[in-house]
Every structure is written in structure tokens, then in C-alpha cells.
Amino acid sequence: MNGLSVSELCCLFCCPPCPSRIAAKLAFLPPEPTYAMVPEPEPVGSTSSLRGGTAGRWKLHLTDRADFQYAQRELDTIEVFLTKSGRGNRVGCMYIRCVPGARFTVLFSHGNAVDLGQMSSFYIGLGTRINCNIFSYDYSGYGVSTGKPSEKNLYADIDAAWQALRTSIEKVSKITSPVLIIHGTEDEVIDFSHGLALYERCPKAVEPLWVEGAGHNDIELYSQYLERLRKFISQELTSQRN
């Protein structure tokens with residue numbers, strides 16, 4: 001209630017005098033957005049570790065209202081994307097790879113007067129201290145999420161976030177064609193543990209290629225990368241078709 005003007009108080013309780021709407025207005029106090037998601041081209045041959053119900057790759061842009069601005073090294077650990085809730089709202093999601101090889105990811109629901117832009121620096125610090133990655137989302141009407149804040153939308157928002165967090169990994173079990181997984185052990189953008197998890201869950205995975213020392217953007221410079229692709233195309237895919 002701190003900081004509300006008389007006119008805002010009148011609007012809160014009198015427009016209209018409906019208990020459920022009054023409760024919603026008291027419970028949800030979305031700030032002016034402190035960030036934006038800017039579309040960027042999808043790199044050739046790359047895949048995102050997490051992806052919601054909308055296509056494309058997004059880049060985090062923090063406004064002057066955000067509490068903290070990041071160096072490129074920190075931005076490389078943050079993945080943002082959009083998914084859609086069961087009530088039709090677009091939900092902004094943020095996944096922060098705080099710790100390389102982390103065994104757990106915390107699904108974090110933030111408070112009622114902040115958005116992902118304000119919380120991101122806290123998430124980085126929290127994940128680093130508890131040795132976990134952090135996944136969070138914005139409620140309807142917060143940040144880039146569409147719709148209006150309400151109890152029903154809140155339930156749909158967290159369900160959409162939970163489904164988005166689970167499905168990079170669950171869809172792979174339904175693949176019926178041969179799959180070659182190649183991953184650099186020093187990937188600074190998508191941790192090597194993601195490649196291992198995909199390989200373990202993919203029923204049609206052939207022998208993977210773990211490129212020792214390769215990062216996210218230089219893996220194709222290693223000779224074994226091209227050699228392994230040639231073998232996959234000329235032998236393993238051919239045998240599957242026969």
C-alpha cells in the first residue's frame with residue numbers, strides 16, 4: 001500500500017467494489033517492465049537447451065530501471081524465451097546457468113512487485129551460493145508476459161513455466177530416428193551436462209561425440225567434428241534406412 005495516491009486508492013476499492021478484484025489488485029502490483037526480449041537470429045546448427053511454445057531465439061535487454069547491468073560473460077549464462085499458458089497468455093521465462101554441471105534447477109516464483117529484470121542479479125547470486133541453476137518466469141501482466149494479474153492466471157503461469165522447464169528433455173524420448181549428439185566439454189553457453197542428459201534419455205542415440213576442450217562457438221573447428229558427422233551420414237543413417 002505504500003506510495004499509493006488517493007486516486008489510486010479510490011480506483012482500488014471502488015472500481016468496481018468486487019471482493020475478488022480488490023484482492024487481485026492488492027495481491028498483484030506489477031512494476032513498469034525493467035527488461036525486454038529482443039529476437040535474434042538462430043545460429044546455424046545450434047539448438048537451445050530450453051524452448052517454450054513460441055519459436056525463435058531471444059536476447060535479454062535490461063532497461064535503466066533494472067537494478068543491475070551485466071557484462072557479456074554474465075549475459076551468456078542467461079537464457080530467455082517465451083511460452084504460452086493454458087489461458088492463452090504469453091509467459092516470459094528466464095533460465096540462468098549459475099553453476100557448470102549443476103545437478104538441480106530451482107523453479108523460483110518471485111514476489112508481487114518485481115519482474116525478471118529486477119530479480120536476475122539475485123538469481124545469479126542465489127544459484128552460485130546453493131550450487132543450482134535457476135529457472136523463473138513472470139506472471140501475467142508482469143514484464144513481457146501478457147494478460148492481467150489474477151489468481152487463475154497465476155496458476156496457469158506457473159504450470160506453463162513448469163512444463164517449459166521439463167520438456168527440453170522429455171521430448172527426446174519420442175524421437176524414432178537415429179540421433180547423433182555432439183557437445184563440447186567446455187561449452188560456456190549450454191553446459192556439457194545437457195548433452196549428457198539428452199544422450200541418456202534418447203532411445204535412438206548413436207555413439208556421441210564429446211569434443212574435449214571445445215566451447216559453444218568453436219566446436220566445428222575440431223577435426224573430429226567433421227569426421228564424426230561423415231560417419232553418421234554415410235554409415236549410421238544409411239543402415240537405418242536399409
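All values below were derived from every heavy atom in this structure, side-chain atoms included, with hydrogens, water molecules and symmetry-related copies excluded. Computed from a predicted structure; not experimentally measured.
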(request) Look up atom OG1 in T105 and atom CZ in F135, then write down how far apart they are to the nearest 0.5 Å. (result) 9.5 Å

(request) Output the distance between atom OG1 (T34) and atom CD (Q118), rounded to the nearest 0.5 Å. (result) 4.5 Å

Exercise: identify the closest heavy-atom pair between [X] and [Y]:
X    : Y    : value
L180 : E207 : CD1-O, 3.4 Å
G195 : I181 : O-CG2, 4.0 Å
V206 : P178 : CG1-CB, 4.3 Å

Once side-chain contact (heavy atoms from CB on, under 4.5 Å) is applied, do any residues pair with [X], and if so which ones, sequence neighbours excluded?
X    : result
P30  : F28, Y142, P149
A156 : S85, R87
D218 : A214, L221, Y222
F122 : F108, M119, L126

(message) I need the full list of salt bridge (Lys or Arg N to Asp or Glu O under 4.0 Å) pairs touching residues 122-148, with sequence neighbours left out, sorted by first then second residue.
(response)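 Of all non-adjacent pairs touching residues 122-148, none passes salt bridge (Lys or Arg N to Asp or Glu O under 4.0 Å).
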
(request) May I ask you to check whether Y199 and H183 place their ring centers less than 6.0 Å from one another? (result) no

(request) Would you tell me whether T63 and Y35 have side-chain atoms, one donor and one acceptor, within less than 3.5 Å of each other? (result) no

(message) Assess, by modelled atom type and distance only, whether the side chains of N133 and Y95 contain a donor and an acceptor separated by less than 3.5 Å.
(response)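 Short answer, yes.
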
(request) With sequence neighbours left out, write down each residue that passes side-chain hydrogen bond (donor to acceptor under 3.5 Å, both in side chains) with T146, or none if nothing qualifies. (result) none

(request) For the pair D157 (side chain) and S140 (backbone), establish whether a donor and an acceptor sit closer than 3.5 Å, ignoring hydrogens and angles. (result)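 Flag set: sc D157 to bb S140 pair under 3.5 Å.
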
(request) Would you check if F192 and D187 make a side-chain contact, meaning some heavy-atom pair closer than 4.5 Å? (result)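 Result no, sub-4.5 Å side-chain heavy-atom pair not found.
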
